[in-house]
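First the structure, in the form of structure tokens, and then the observations on it.
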Amino acid sequence: GDPGFASDWKGASMLFASADNKSTFDADPEVYAPKYGGYCAYAVSKGATAPTDPEAWTVHEGRLYLNFSTDVRSIWREDIPGNVSRADANWPAVLEA
């Protein structure tokens with residue numbers, strides 16, 4: 001993203017490619033922000049947390065999921081619905097572990 005099109009959201013700086021993209025995000029950030037607080041979605045599906053690589057992303061059913069790496073993203077994509085179900089069951093309790 002471009003630092004000229006930045007929004008702060010829950011302590012994170014979100015960068016966008018255009019003013020239109022920023023405006024769309026600002027109107028409803030919960031829809032566009034990464035699931036699971038930006039932690040690796042695959043890690044959350046396994047009951048843990050891990051940092052993410054901004055290049056390792058997937059949009060599934062209108063939601064943004066991030067992964068630790070593009071290799072982990074490949075594993076995540078093998079069963080996105082199952083992984084989402086497991087991650088949803090673990091979130092946000094994994095933050096207490």
Side-chain angles (χ1 to χ4, degrees):
D2 182 331
F5 305 116
S7 291
D8 289 324
W9 185 74
K10 294 188 175 185
S13 182
M14 310 295 275
L15 305 180
F16 302 93
S18 70
D20 285 342
N21 289 353
K22 178 187 178 324
S23 177
T24 299
F25 176 85
D26 289 344
D28 197 357
E30 291 291 335
V31 169
Y32 297 101
K35 290 282 288 185
Y36 316 122
Y39 289 104
C40 174
Y42 186 68
V44 174
S45 78
K46 297 296 187 183
T49 60
T52 56
D53 175 350
E55 299 297 320
W57 58 272
T58 301
V59 173
H60 174 72
E61 294 185 351
R63 296 304 311 259
L64 174 61
Y65 299 91
L66 302 177
N67 290 117
F68 177 77
S69 67
T70 54
D71 288 339
V72 171
R73 179 182 62 188
S74 294
I75 298 167
W76 164 260
R77 287 179 172 176
E78 290 175 8
D79 181 16
I80 293 175
N83 287 322
V84 168
S85 179
R86 288 184 289 278
D88 284 351
N90 291 333
W91 185 257
V94 296
L95 298 176
E96 298 169 8

**Request:** For R77 and W57, work out which heavy atoms get closest and say how close.
**Result:** NH2-O, 3.1 Å

**Asked** Using links of under 4.5 Å between side-chain heavy atoms of ILVMFWY residues, direct or through other members, which residues join L15 in one cluster?
**Response** none

**Prompt:** Any side-chain heavy-atom pair from W76 and V84 closer than 4.5 angstrom?
**Reply:** yes

**Asked** Excluding sequence neighbours, so at least two apart, what forms side chain to side chain contact (heavy atoms under 4.5 Å, CB included) with T70?
**Response** A56, R73

**Fill in**
d(M14 CE, F25 CZ) to nearest 0.5 Å is 4.0 Å

**Item:** Shortest non-hydrogen separation from A41 to A87 and the atoms involved
**Value:** O-CB, 4.0 Å

**Item:** Flag side-chain contact, heavy atom, 4.5 Å: F68 against P51
**Value:** yes

**Item:** Pairs satisfying side-chain hydrogen bond (donor to acceptor under 3.5 Å, both in side chains), at least one member in residues 80-97, at least two apart
**Value:** Y36-D88, D79-R86, N83-R86

**Joint cluster assignment, Y32 & L64, ILVMFWY side-chain distance < 4.5 Å** = no

**Prompt:** So, do V72 and C40 sit near enough that their side-chain heavy atoms are less than 4.5 Å apart?
**Reply:** yes

**Enclosure of Y65 OH (heavy-atom neighbours >12, cutoff 6.0 Å)** = yes

**Asked** With a 4.5 Å limit on heavy-atom distance, are the side chains of S7 and F16 in contact?
**Response** yes

**Message:** Counting C-beta onward and ignoring hydrogens, is there a side-chain heavy-atom pair between I75 and Y42 closer than 4.5 Å?
**Reply:** yes

**Request:** Output yes when a side-chain donor or acceptor of T24 lies under 3.5 Å from a complementary backbone atom of D20, and no otherwise.
**Result:** yes

**Prompt:** Under 3.5 Å, is there a donor-acceptor pair between the D53 and S69 side chains?
**Reply:** no

**Asked** Is any side-chain heavy atom of T58 less than 4.5 Å from a side-chain heavy atom of I80?
**Response** yes

**Asked** So, do E30 and W9 sit near enough that their side-chain heavy atoms are less than 4.5 Å apart?
**Response** yes

